[in-house]
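What you see is a predicted model; the values in this text were computed from it and never measured. Chain letters run A, B, ... following the sequence lines, proteins first, then strands; residues in each count from 1.
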2 protein chains.
Amino acid sequence: MTKLPAIPAGQLNRRAGVIKALAHPSRLRIVLALERGERCVCELRQLVKADVSTVSKHLALMKRAGLLDERKAGLYVYYRLRVPCILRFLDCVDAVLEHAPPATRPRHYVKKSPIKRRTTR
Amino acid sequence: MTKLPAIPAGQLNRRAGVIKALAHPSRLRIVLALERGERCVCELRQLVKADVSTVSKHLALMKRAGLLDERKAGLYVYYRLRVPCILRFLDCVDAVLEHAPPATRPRHYVKKSPIKRRTTR
DNA sequence: AGGTAATTTGGTCATATTACCAAATAGTAT
DNA sequence: ATACTATTTGGTAATATGACCAAATTACCT
């Protein structure tokens, strides 16, 4: 049995941070959309069917993680993929799913009802 | 501007599930350890410094996601990487981090104190 | 059967994530 | 300045995740 090298925790944390930034269906949808080139928030907002604020936060998160870059032009903000190798990885993910075990159901958060809200502020 | 294909939500959910299974420092540590071949839980448990039950749950999660396979031999359970392309992806992640923005700090959960617990059960 | 070691399962609790809305900010134009 | 549009930021609430402990399970022994 070979010796295990013991990778420093900080490095693993940073890597996990990048991967987490990718680990959400809407964010994947955005990344895939950016395959062909930059898009403004207004386009991505239609693609992902969620509140603009939600989309904006997904974008900010991915930018912080180093996945995306941003370009402001007048009223618009255009985002683009910073590192294209991300796209190749999705093929590997599909390989995992290929002859995969029966149930891999991730279940993502979905807002239940738009119930009443306090109007503090 | 080209037409966007609109990928079905189910597919994105499944992909995100696989990626999420990878998006944790301890799980990355495990995956990296399995690069050289299978390991029993008892080995991985020492590698990741966490309660065995925690490690076991990480392993179960990754197995459910299709990342790992398991082989039982007597008292031991050996886990191994099911799809090796995962490892190449980590290079891409490092590329993202390479000349990345200043702060990418993911902050993972750390139990505060082992305070008293009820002994119900 | 009873004993011991490896692993999994169930419970609980703290923290992280993510959704929406509402309001703030920024840019353009009238 | 006012009006209008695009995007971000702040707040709140629901859900998901991940840590540990304790107990259950499984397999191999005497």
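- Contacts with DNA chain D (heavy atom under 4.0 Å) in residues 49-57 of chain B: B:Ala50, B:Asp51, B:Ser53, B:Thr54, B:Lys57, listed by number.
- When the nucleotides D:dA27, D:dG18, D:dT8 are ranked by their closest atom to the side chain of A:Val77, D:dT8 comes out on top.
- Distance OH/A:Tyr79 to CE/A:Met62: 9.0 Å, rounded to 0.5 Å.
- Rounded to whole Å, atom P of D:dG18 lies 13 Å from atom CG of B:Leu59.
- The interatomic distance linking B:Arg45 (CZ) with D:dC21 (P) rounds to 12 Å, in whole Å.
- Under the 3.5 Å distance criterion, the side-chain polar atoms of B:Gln11 are left unmatched by any main-chain donor or acceptor of B:Pro8.
- As rounded to whole Å, 8 Å separates atom P of D:dT7 from atom OH of A:Tyr78.
- Side-chain proximity of A:Tyr79 to the nucleotides C:dT7, D:dT8, D:dA27 is greatest for D:dT8.
- Following rounding to the nearest Å, A:Arg39 (CZ) and D:dT7 (P) show an atom-to-atom distance of 14 Å.
- Here the side chains of A:Leu68 and A:Arg82 are not in contact, with every heavy-atom distance at 4.5 Å or above.
- Summarising the geometry, the separation between NZ on A:Lys72 and P on C:dT25 is reported as 14 Å, rounded to the nearest angstrom.
- Straight-line distance from the CG atom of A:Leu61 to the C1' atom of D:dT9: 15 Å, rounded to whole Å.
- Residues B:Ile86 and A:Val96 meet the side-chain proximity criterion, which asks for heavy atoms closer than 4.5 Å.
- Residue B:Tyr76 contributes atom OH, which lies 15 Å from atom P of D:dA27 at whole-angstrom precision.
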Which pairs would a plain distance check flag for residues 26-33 of chain A, meaning a side-chain donor or acceptor within less than 3.5 Å of a matching protein atom at least two apart in sequence or in another chain?
unit_1	atom_1	unit_2	atom_2	d
A:Arg27	NE	A:Ala21	O	2.8
A:Arg27	NH1	A:His58	ND1	3.1
A:Arg27	NH2	A:Lys20	O	3.1
A:Arg29	NH1	B:Ile7	O	2.7
A:Arg29	NH2	B:Ile7	O	3.0

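- B:Arg15 has its side chain within reach of A:Leu97: a pair of non-hydrogen atoms, C-beta onward, lies under 4.5 Å apart.
- In this model, the phosphate group of D:dT17 is not approached by any side-chain N or O of B:His58 to a distance below 4.0 Å at OP1 or OP2.
- The residues B:Asp69 and B:Lys63 are annotated as not salt-bridged, no charged nitrogen and carboxylate oxygen being separated by less than 4.0 angstrom.
- Whole-Å rounding puts the A:Asn13 CG to C:dA16 P distance at 12 Å.
- Positionally, the nearest nucleotide of DNA chain C for A:Ser26 lies more toward the 5' end than for the other of A:Ser26 and A:Leu75.
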